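Here's the structure, in structure tokens; my notes come after.
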Amino acid sequence: MDYVELHAHSSYSLLDGASHPEELVARAAALGMPALALTDHDAVYGAPAFQRAAREHGVKPLFGAELTLAGGHHLTLLVEERSGWHNLCYLVSRAQHAAAKGEAFLSPAELVGCTGGLIALSGCRQGAIATALRQGRRRQALAIARRALRLFGRQNFWIELQNHLLPGDARLQRELASLAAYLGVGCVATNNVHYAEPSARRLQDVMVCIRHLTSLDACHALRLNAEYYLKPAGEMQALFSEHPEALANTLRLAERCQFELAFGVQELPQYPTGGMSSSAYLRRLCELALEERFAPTDEQARAQLLHELAVIERAGLANYFLVVWDIMRCAREKGILGQGRGSAANSLVAYLLHITPVNPLARGLVFERFLSDERSAVPDIDLDFQANRREEVIQYVYDRYGRDHAAMACTFATFQARSAARDVARALGLSTAVAEAAIAYLTTGETPAFLSEADQAPLALLLELCAQLEGHPRHLGIHSGAMVVTAAPITSRVPTEPATMPGRSVVQWDKDGLEQVGLVKIDLLSLRVLSAISDTLALVEETTGETIDLPGLTYDDPAVYRMIARGDTVGVFQVESRAQTQMIPRLQPRCFEDLVVAISLIRPGPIQANAVHPYLRRRAGEEPVAYLHPLLQPALESTLGVLLFQEQVLLIARDVAGFTPGQGELLRRALGARQAGAEVERLRGVFLSGAAQRDVPLEVAEQIFEQLKAFGSYSFPRSHATAFAVLVYQAAWLKRHHFLPYWTSLLNNQPMGFWSPSVLVGEARRRGVTTLPVDVSRSRERCSMEGDSIRLGLNYVRGMGEGHAQRIVAGREQAPYTSLEGFCRRTRLPRRLVEHLIAAGAMDGWGVARRQLLWQLAALRYEAEEPELDLSYVEDEVSLPALSDTESLLMEQGVTGVSTGEHILAFYRAWLQARGILDSEQIRGCPGGRRVRLAGLMVVHQSPPTAKGTHFVTLEDEKGLVDVVVRPRLYRQVRHVLRQPLLLVEGIVQREGAVSVLATGIRRLEG
Ligand SMILES: [Zn+2]
Ligand SMILES: [Zn+2]
């Protein structure tokens, strides 16, 4: 083979390249190319995927980019060595920051001083030299070439020849070659590849049309033929028969480029330790914490600490731990709640540094699952912070390390076949009817009847192109919490781009890409339950002066477990969902470990692997603990023989089939990946032969593997579940012992959790806690406690902005509001918002009916925000009838999402009772098998994919919640009825721990 492609675009040349980097590499390998360059437009988005694919195919990856210079001129750059990569990243960043989002622009002057380690090719037809030659300006072409030669040096500047058989190509090639000969620089042939194989040409055309919002017929930016594919050497030889040295030079350049994308923890900024080594500093911190938090006689803890510190030191991770510790310390000092999640909870060091909340020794967690000598990768530490203050933590990191050293990870939005249908149809010039037909087909799998015979063929083409387009990157987004921090300026490691959010920049790699190349990211996630807990603590302190010591909780309060075991978990993190409240009364949690199990059981993995019911039966002593094979016992013993935790997959692979930890990790990933069919099959082979060597019968081994497959990786690691269980307990403890402040805080941190605020308000009512309506004279900006009640905050009124609420509060500090006119005069709120306040009952305090107020408002000559206004209304009294109870309730519900008075079902109760229709409390008292009728407000409607078409509906009345199961056959009959809020259900009571009703009929309840 004597040709290497040095100029290729992947689909990361957004809406220009039509092949994934993996496809380009696979094609290059099939053609026998020893190397391949990736030169996307002003970006290195595809570099991590490209490198991984290249390694797999044994093709040498060459990194580069095609820069867009002033005037739209293109310049091809290749990285020869590390300094070249640094310069490339810097140049791409400059180009990205100099132009609008999604475009790039680099002034040639910026190249000065930034060309080391880079090889420049003169570019495609749009290169500055080629453009000048095509326009007959030979002198100018020569001047540009001389400048480039001075910039890059004779070894590193090459004239790029292309031949796409277009008119003028041959002539341009000759002129470029003679210019090169005149200057004494070399020529190199490239094909400006935009897709791996010729068949993708149409997809590429469509992409370009989508980019220009036009159709194939109208688009002038299209490539004129299908010659932009990855060509075999033979075809290139024919095209460049006059310049064989230009082909040979591609090999020489490929040979010269020696750079590999590989980073690591050494890229992190150094935490300042005042001259001490990071390891010594870390040891000192941990020893101090050990003295403080463990008994001096605790030899086990001391030994574990020494062991972990030694592993951390050998892995060179001491500084990494200090950086993470520093972030947590900052949060603690600011009073921001936060804790680490994931496998970090396996580490005593992380516990001592207050990174994670659980003592791994007390919970039987194993450090090696977090970090070990054989696994060299940087361990994942994800930090959760209270949602409303996470931004402060992000800003701290920016301030601490500087804006040039910190940036957020990006995300790639990709095309979906269905959402792309309209764009593709426009590109193809097809009618909207065909586009609608495609969308219908992609939604239901059926071709709609309205399509004419003539439209059938275009539809087929449209569907094919939509399918091809699916998964290609469309545009760049910002990851909300993943940060990259580097000691060197970040733009020397990976290019950055401006983000839509001011003052932010994003790096050109997403989380997967960063992990792939080893550039350390720190995940700063947000968790609303932490905000709710933090608010509760503040409210308790404010109202009682009591300070709650959350970390001091001992996880053994029987009252808390009794509450959870009853299924009384609405408002409790992770265990409040319908599925949880059905399961938990059977599980009967009695201790912290049971909470770990509870939140791990209701995950897609254990559900799909049919682990839930066997676990519950075994725990209740209804069936013996059994194993498919004795070799499974060590892995599954602690979970009664069922697969519950992610790490059990690795243990089973080890014990049954002799997998190394590395192979086990591969298996775990493959099982979790969406499209890893081939890889899973390969590992299945390895698994079965490994099992055979251990005398596991084939059919048993196959069964075990099927279970692993069903389990997938949609499950918690034990450590992660343990860290989350801490929050479950804290939330439950607050609900049990500080209901009023906790509930107020939940209402202030919506949306969060499983239930709507309306259900939360109902739940409070059933516990005897009244929620008071919004009141312009009493409500604060957020919900507050008022005696033994909760007062809804002004924030619950639809359309209320922070500034509006502040104006209401400030206005009443001057004097109490006594009339609508006075209120409007002082606050000057938008008329619509005043309407909402009236509807919410916020002005009921004046003793004027809501209708009357609305009438007054309409008569008020009143413009919001006007500095001087003539407020007057015509006294024209009209007495309207007061609203009926249900009417005002619906009004309030409409503008606040909750109703504070009676539950709507209470108004119908007498009527329902007379007809023998039960309330939820009566249902809970019914024996299993009883036929019943009940009525309620639908508050949840779910059909989880694991339930195979069964729907779950939760009804609420004034006494509580009832779960209703709707089997697929009934669902098909009543799907339209289920859009109504008020339902009448007939069915059979089921009692399996929790009570539910298996529906036999559902009707709309007429109001
Ligand atoms: Zn170009
Ligand atoms: Zn190009």
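Predicted, not measured: the structure shown is a model, and the values here were computed from it. Read the numbers this way: they start at 1 and go in the same order the structure lists the ligands and their atoms.
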Geometric class of the Tyr45/Tyr12 ring pair [parallel <30°, tilted 30-60°, perpendicular >60°] = tilted
If you draw the axis of the six-membered ring of Phe259, does the NZ or CZ of Arg82 fall within 45° of it and under 6.0 Å from the ring centre?
-> no
Side chains of Glu227 and Asn191, donor plus acceptor under 3.5 Å = no
For the Zn ion (ligand 2), angle spanned by His7 NE2 and Glu66 OE1 (nearest 10°) is 90°
With rounding to 10 degrees, Asn192 OD1, the Zn ion (ligand 2) and His9 NE2 define an angle of 100°
Test: Arg252 and Glu255 ion pair at under 4.0 Å | no
Once rounded to 10°, what is the value of the angle centred on the Zn ion (ligand 1) between His74 ND1 and Cys124 SG?
-> 100°
Between the Zn ion (ligand 2) and His41, is there an N, O or S atom separated by less than 2.8 Å?
-> no
